[in-house]
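Structure first, commentary second.
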Amino acid sequence: MPMQIRQLGPGFVGEVSGLDLTKPLPKEDIAAIHEGMDKYAVLIFHDQPLDDAQQLAFTQSLGPIELAIGVSLRKPEEQRLPNTFADVSNLDKNGEPFARDDRRRLYALGNQLWHSDSSFKVVPAKYSLLHARKVVSKGGNTEFADMRQAYDALDQETKDLCEALICEHSQMFSRAKHGFTEFAPEERERFKPVLQRLVRVHPSTGRKSLYLSSHAGRIVGWPEPEAKAFLMDLTEMATQREFTYAHKWRVGDLVIWDNRSTMHRARPFPHDQPRDVRRTTLMGDAPTVEQQAA
Ligand code: OGA
Ligand code: MN
């Protein structure tokens, strides 16, 4: 059966059928996935029983990958997965859920704030591919928001205002939002802010989007409280129901999203249930500040 895409929700999510991602794909299918990503921005594949090697091989067939370095508080000896994966699970090395007050869990709760992956890196991520190995009995959905539709919905004055703005992004800004403020000097160094444009132009489609993320905490040249209030206001507008879609996970689901044009967040779930989701990530191609002013 050839690959097919069925639209779900408010127009930026597609459900893909007809592909077996456990095996290498012909280049026509790879091209069709990239086309689907440009058209939709989020693609959902069901019933894909991938192991780590297969998930990695599929990811690499789409492009060069980003390594998960400096994205969590797991120390090297505490890692459950190699750094080709971002371990988005709530599990320690023995596969046990973190205790409720475990610092690594509290830090990871930052994923429940609307964000774009690795916007705190100088060259932020292109696609994220999240695969479900174990799911929880309630909660734990992942929600997505379309930052192209959000940009389009701004009035012209706000579009013009946003166009030239450069934001500072850091994992310390996102964590401060939910009260996680204690960082060791080494962590402060690692989480130093980077610059990102507030309006991005998608390199394949030319569409503009608002590049918001929980990690954005300052705007260059603005007083900090004014910047934070403005970013919160934009985020509230951009994540209204009409621009969002909630994915309810089944084991074997693989979801791909384009971080350049969407935000996402995890929803709460019982802390004592294992939720094993593993992310591979495609590297972006350039710092957003290098994008030509449109
Ligand atoms: C991620 C992420 C959300 C979730 O993988 O980058 O934010 O629902 N995941 O686990
Ligand atoms: Mn994320």
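Residue numbers start at 1 and run along the sequence shown. Just follow the structure's listing: the first ligand is 1, and inside any ligand the first atom is 1. Both backbone and side-chain heavy atoms feed into the values below; hydrogens, waters and symmetry mates do not.
Here's the thing with Asp117: one of its N/O atoms is less than 3.5 angstrom from an N/O atom of ligand 1. Between Arg265 and ligand 1, no N or O atom pair is found at a separation short of 3.5 Å. Considering both main-chain and side-chain atoms, His264 comes within under 3.5 Å of ligand 1 through a nitrogen or oxygen pair. Checking only distances, Arg279 does come within under 3.5 Å of ligand 1, N or O to N or O.
Remark: minimum distance from atom 10 (O) of ligand 1 to any protein heavy atom is reached at Arg275 NH1, 2.8 Å. Among protein heavy atoms, the minimum distance from atom 8 (O) of ligand 1 is reached at Thr142 OG1, 2.5 Å. Counting protein heavy atoms only, atom 3 (C) of ligand 1 is closest to Ala266 CB, 3.7 Å. Closest to atom 9 (N) of ligand 1 among all protein heavy atoms lies Val88 CG1, 3.6 Å.
A cation-pi geometry, defined here as NZ or CZ lying under 6.0 Å from the six-membered ring centre and within 45° of its normal, holds between Arg175 and Tyr107. Annotation: cation-pi pair Arg278/Phe85 absent, no NZ/CZ under 6.0 Å from the ring centroid and within 45° of its normal. A cation-pi arrangement is absent between Lys23 and Phe58 under the rule of less than 6.0 angstrom and at most 45 degrees off the ring axis.
Ligand 1 lies within reach of Trp257, whose nearest heavy atom is under 4.0 Å from it.
Note on Tyr211: it does not cluster hydrophobically with Leu165, by side-chain heavy-atom contacts below 4.5 Å among ILVMFWY residues. Both Val251 and Val277 belong to a common hydrophobic cluster when Ile, Leu, Val, Met, Phe, Trp and Tyr are linked at side-chain heavy-atom distances under 4.5 angstrom.
Within 6.0 Å of NZ on Lys134 lie no more than 12 heavy atoms contributed by other residues, nucleotides or ligands.
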